[in-house]
Asks: 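My structure is below; once you've seen it, I'll send some questions.
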Amino acid sequence: MNQKQLEQMKSKKGFIAALDQSGGSSPKALKAYGIDQDQYNNDEEMFDLMHQMRTRMIKSPSFSGDKILGAILFQNTMDRKIDGKYTPDFLWEEKGIIPFLKVDKGLEPEKEGIQLMKPITDLTQTLEQAQKRNIFGTKMRSVIHAANPEGIKKIVDQQFEYGRQIADAGFAPILEPEVDITIPDKKEAEAILKDEIEKHLKDLPENELIMLKLSIPTVPGLYSEIMKDPHVVRVVALSGGYTREEANKKLAENPGLIASFSRALAEGLNANQTEEEFNKTMKHSVDAIFEASIK
């Protein structure tokens, strides 16, 4: 693990940009960016357009290590280049931004009020490739749809099981057991989730490090104690469907919690904008999310 990157992630002010839209979420991301599905014919063309969008975001002047600590990438992006450098190397060497990699393969159908991750059958090979690409950490997402103690326990068990494998391989895993922000028992689900996370943290080996990516809690400060745990490098928040303004407002109510936004970060960006318009929109987004992350 790169110790300079670890210290930056532990202590520097800023947030994480989530640029990890996969095959399933890319059409929606492109549509929001002003590119409809009739403008590409297959996955290859779709991923080319996604890389163009991500490259434009990354090369924008405000997308820099001054306010952005890290960026989460899709594997397709990790193996592509920006200005002759692999994307992770461009992020770190040119922008001072720590590269992370999304490693999950999507979600299982809902059962017991949760969606577990599909088995990550190629994790060893993925981590070997990530090591070649100088990736610092990984991210994997599952979803909680109800305050079901048995289901939430299974979610957390699975997250930590894969997290241990990833940490043993020398990476900092971001565990993302997302709580759906629309469910009526979100507060109760988050209380159960917090208890399950704390149980697992107590069982981790002394030097094992993880990160957590969680929905912004209904009760402000809910995860404050977890942030103090020596195993936890950082706790970050997903926007989860909130607008950027809503997400920033809720985030600011949780000292120590920093953003890891995807859709909220790209809000307002459009393929047809001039470079000046695009960069102005990007700067407004980065500045607003940064301010909410350092409250």
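Keep in mind the model is a prediction, meaning the values are calculated, not measured. We're numbering straight along the sequence, starting at 1.
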Asks: So that I can tick it off, tell me whether Lys85 and Asp83 are bridged by a salt bridge, with the cut-off set at under 4.0 angstrom between side-chain N and carboxylate O.
Replies: no

Asks: Could you state the interatomic distance from CD1 (Ile16) to CE (Met211), rounded to the nearest 0.5 Å?
Replies: 4.0 Å

Asks: Any donor-acceptor pair under 3.5 Å linking the side-chain atoms of Glu267 with those of Ser285?
Replies: no

Asks: With a 4.5 Å heavy-atom cut-off, do Leu265 and Met57 have their side chains touching?
Replies: yes

Asks: Under a 4.5 Å cut-off applied to non-hydrogen side-chain atoms, are Arg54 and Phe74 in contact?
Replies: yes

Asks: Using the side-chain contact (heavy atoms from CB on, under 4.5 Å) rule, take Thr138 and Met140 through it: C-alpha gap first, then chi angles, then the decisive distance, then the call.
Replies: CA-CA 7 Å; Thr138 66; Met140 49 194 175; 5.5 Å; no

Asks: Using a 3.5 Å distance criterion without hydrogens, assess whether the side chain of His51 forms a donor-acceptor pair with backbone atoms of Ile82.
Replies: no

Asks: Pick one: which of Arg263, Arg141, Lys213, Lys139 meets salt bridge (Lys or Arg N to Asp or Glu O under 4.0 Å) with Asp20?
Replies: Lys139

Asks: With a 4.5 Å cut-off on side-chain heavy atoms, are Thr87 and Pro99 touching?
Replies: no

Asks: Under 4.0 Å between a Lys/Arg side-chain N and an Asp/Glu carboxylate O for Lys187 and Glu190?
Replies: no

Asks: Quick check: do Ile58 and Leu19 have side-chain heavy atoms less than 4.5 Å from each other?
Replies: yes

Asks: When you compare the side chain of Ile120 with that of Thr126, does any pair of heavy atoms fall below 4.5 Å?
Replies: no

Asks: Decide, yes or no, whether a salt bridge links Lys194 with Glu198 under the criterion of side-chain N to carboxylate O below 4.0 Å.
Replies: yes

Asks: Does a side-chain N-to-carboxylate-O contact under 4.0 Å join Asp48 and Arg80?
Replies: yes

Asks: Rounded at 0.5 Å granularity, tell me how far CD1 in Ile135 sits from CD1 in Ile98.
Replies: 11.5 Å

Asks: Would you say CD of Glu93 has more than 12 non-hydrogen atoms from neighbouring residues, nucleotides or ligands within 6.0 angstrom?
Replies: yes

Asks: Can you tell if the side chain of Ser260 reaches within under 4.5 Å of the side chain of Leu238, non-hydrogen atoms only?
Replies: no

Asks: With heavy-atom distances below 4.5 Å as the criterion, would you say the side chains of Asn270 and Thr281 are in contact?
Replies: no

Asks: Is there a donor-acceptor pair closer than 3.5 Å between any side-chain N or O of Asn148 and the backbone N or O of Gly151?
Replies: yes

Asks: Quick check for you: to the nearest 0.5 Å, what is the distance between Leu73 atom CG and Gln21 atom CD?
Replies: 10.5 Å

Asks: Between Arg56 and Glu275, does the salt bridge (charged side-chain N to carboxylate O under 4.0 Å, His left out) criterion hold? Intermediate values first, please.
Replies: CA-CA 9 Å; Arg56 195 179 186 194; Glu275 286 307 292; 2.9 Å; yes

Asks: Taking side chain as C-beta onward, heavy atoms only, is Asp203 less than 4.5 Å from Phe160?
Replies: no

Asks: Could you pull out the closest heavy-atom pair between Ser62 and Asn279, with the gap in Å?
Replies: OG-O, 4.5 Å

Asks: What I want to check is whether the side chains of Arg244 and Asn248 have a donor and an acceptor closer together than 3.5 Å.
Replies: no

Asks: Check whether Glu45 reaches the backbone of Asn41 with its side chain - one donor and one acceptor, N or O, closer than 3.5 Å.
Replies: yes

Asks: How many angstroms lie between CG in Leu193 and CD1 in Ile155, if you round to the nearest 0.5 Å?
Replies: 9.0 Å

Asks: Under 6.0 Å from the NZ atom of Lys154, do we count more than 12 heavy atoms belonging to anything else shown?
Replies: no

Asks: For the CD atom on Gln125, are there more than 12 heavy atoms of other groups (residues, nucleotides or ligands in this structure) within a distance under 6.0 Å?
Replies: yes

Asks: Closest heavy-atom contact between Ala147 and Ile152?
Replies: CA-CD1, 4.1 Å

Asks: Look at Glu246 together with Lys249 and state whether they make a salt bridge at an N to O cut-off of under 4.0 Å.
Replies: no

Asks: Under 30°, 30 to 60°, or over 60°: which ring-plane class applies to Phe100 and Phe136, parallel, tilted or perpendicular?
Replies: perpendicular

Asks: Inspect the surroundings of NZ in Lys280 and state if more than 12 heavy atoms from other residues, nucleotides or ligands are less than 6.0 Å away.
Replies: no

Asks: Not counting sequence neighbours, which residues clear side chain to side chain donor-acceptor pair (under 3.5 Å) with Lys12? List them please.
Replies: none

Asks: My understanding is that a hydrophobic cluster links ILVMFWY residues whose side chain heavy atoms are under 4.5 Å apart, including indirect links. Using that, what else belongs to the cluster containing Tyr86?
Replies: none

